[in-house]
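Note on naming: letters A, B, ... go to the chains in the order of the sequence lines (proteins, then strands), and numbering restarts at 1 for each one. Predicted, not measured: the structure shown is a model, and the values here were computed from it.
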Number of protein chains: 2
Amino acid sequence: MTEEQTYSIAQLAQEFDVTSRAIRFYEDQGLINPTRDGQSRIYNKADHARLAWILKGKSVGFSLGEIGELLNLYSIDDGRQHQRLVTLERCNERIADMKEQKDNLAFMIKELEGFCKILVSPEMDEKIKKAAS
Amino acid sequence: MTEEQTYSIAQLAQEFDVTSRAIRFYEDQGLINPTRDGQSRIYNKADHARLAWILKGKSVGFSLGEIGELLNLYSIDDGRQHQRLVTLERCNERIADMKEQKDNLAFMIKELEGFCKILVSPEMDEKIKKAAS
DNA sequence: CTTGACGTTTACGTAAACGTCAACTAACAT
DNA sequence: ATGTTAGTTGACGTTTACGTAAACGTCAAG
């Protein structure tokens with residue numbers, strides 16, 4: 001009944017549009033740890049979600065090392081208060097970075113959208129160049 | 001009167017928190033082209049703005065090559081219609097990418113903020129684990 | 001039974017984006 | 001004149017994130 005869905009490396013590769021090589025590389029880096037059927041890797045739903053997470057992390061500029069750290073952060077259960085505070089601080093730094101990056105993205109999107117407008121109506125462009133009427 | 005402000009490489013490096021080496025590298029790649037006073041590079045306001053643009057581009061994931069292309073796109077004045085459409089298409093692709101990236105950023109920010117909350121109030125965490133009361 | 005599709009490991013290669021010398025010049029300060 | 005402080009140009013080194021090729025196992029289809 002509880003036959004959880006599993007995936008081959010090629011399935012994941014196709015779904016997420018990365019190479020098998022990349023997925024194995026993430027494993028080398030300790031980011032993911034599928035079970036094995038003999039020699040072949042078998043990924044379950046959790047692995048699937050984990051890979052999705054990794055790729056999102058990458059897309060927003062985290063290095064694989066940082067992603068590894070973040071994934072580890074989720075599993076601090078030692079309860080040490082100091083460690084907790086250090087982690088909190090680093091998280092907040094990351095969040096600040098990402099918010100700044102979001103602003104930069106917004107800026108860039110505006111830039112390109114503005115440029116597109118010029119591309120679409122070049123006549124306007126020339127007029128604007130002479131007088132902003 | 002029209003004494004435009006200029007900058008040395010070190011000034012720019014400090015202001016933007018990059019190394020002089022990096023700035024020279026951008027020049028090698030054709031992204032920026034300061035004038036010279038003898039051997040030394042002199043950057044004007046336009047160069048300053050250009051560098052800012054480059055760094056924002058980088059921060060949102062463009063490669064230096066892509067940034068070069070984008071900067072070039074701004075100076076297509078040949079008026080060829082086909083070229084214009086190609087450019088438009090590529091711009092729109094980029095914009096779509098960036099919007100997706102913005103979503104990913106929002107997701108990640110939420111993730112980390114959620115995690116921070118757990119870090120701040122660990123008691124809550126345990127309670128939640130048992131029953132979401 | 002061999003061909004093909006898919007998987008594996010090991011090992012070396014590579015592109016991007018700089019870092020890091022080394023060796024030099026030119027301008028100043030002492 | 002001499003040391004310190006910027007700046008310069010190569011040239012080579014480094015890290016990250018995979019690509020790529022070699023050499024092989026496994027299983028289903030023809």
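Rounded to whole Å, the distance from CD1 on B:Ile23 to C1' on C:dG19 is 15 Å. Straight-line distance from the CZ atom of B:Phe16 to the P atom of C:dC18: 15 Å, rounded to whole Å. When rounded to the nearest whole Å, the span between CD of A:Gln11 and C1' of C:dG7 equals 13 Å. Straight-line distance from the CG atom of B:Leu12 to the C1' atom of D:dA6: 14 Å, rounded to whole Å.
Look at A:Thr19 and you won't find any side-chain N or O under 4.0 angstrom from OP1 or OP2 of D:dC18. Using a 4.0 Å cut-off, some side-chain N or O of B:Ser8 falls inside it from OP1 or OP2 of D:dG7.
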Original post:
Could you walk me through whether A:Glu111 and B:Lys56 pass the salt bridge (Lys or Arg N to Asp or Glu O under 4.0 Å) check?
Top reply: CA-CA 11 Å; A:Glu111 283 281 291; B:Lys56 281 185 190 175; over 6 Å; no

**OP:** Could you check A:Glu27 against A:Arg41 for salt bridge (Lys or Arg N to Asp or Glu O under 4.0 Å), going step by step and ending with a plain yes or no?
**Re:** CA-CA 10 Å; A:Glu27 188 175 339; A:Arg41 292 164 173 81; 2.6 Å; yes

Original post:
What do the steps show when you test A:Ile32 against A:Leu71 for side-chain contact (heavy atoms from CB on, under 4.5 Å), and what is the final call?
Top reply: CA-CA 10 Å; A:Ile32 196 169; A:Leu71 286 170; over 6 Å; no

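A:Ser20 comes within 4.0 angstrom of nothing in the nucleic acid, heavy atoms only.
Separation of atoms CZ (A:Phe16) and CG (A:Leu51) is listed at 5.0 Å; rounding is to 0.5 Å. Separating the CD1 atom in B:Ile67 from the CZ atom in B:Arg50 is a distance of 11.0 Å, to the nearest 0.5 Å.
For A:Glu113, the CD atom counts as densely surrounded, since its 6.0 Å shell holds more than 12 non-hydrogen atoms of other residues, nucleotides or ligands. Around the CG atom of A:Asp17, the shell of radius 6.0 Å holds no more than 12 heavy atoms that belong to other residues, nucleotides or ligands.
Considering only the side chain of A:Ala22, D:dC18 comes nearest among C:dG7, D:dC18, D:dG7. Distance from the side chain of A:Arg21 is smallest for D:dC18 among the nucleotides D:dG7, D:dC18, C:dG19.
Partners of A:Gln29 by side chain to side chain contact (heavy atoms under 4.5 Å, CB included), not counting sequence neighbours, listed by chain and number: A:Phe25, A:Leu31, A:Leu64.
At a cut-off of 3.5 Å, with distance as the only test, no side-chain donor of B:His48 or B:Gln5 sits close to an acceptor on the other residue.
Contacts between residues 24-48 of chain A and DNA chain D, counted as heavy-atom distances below 4.0 Å, involve A:Phe25, A:Tyr26. Within a heavy-atom distance below 4.0 Å of DNA chain C, no residue of residues 58-67 of chain A is found.
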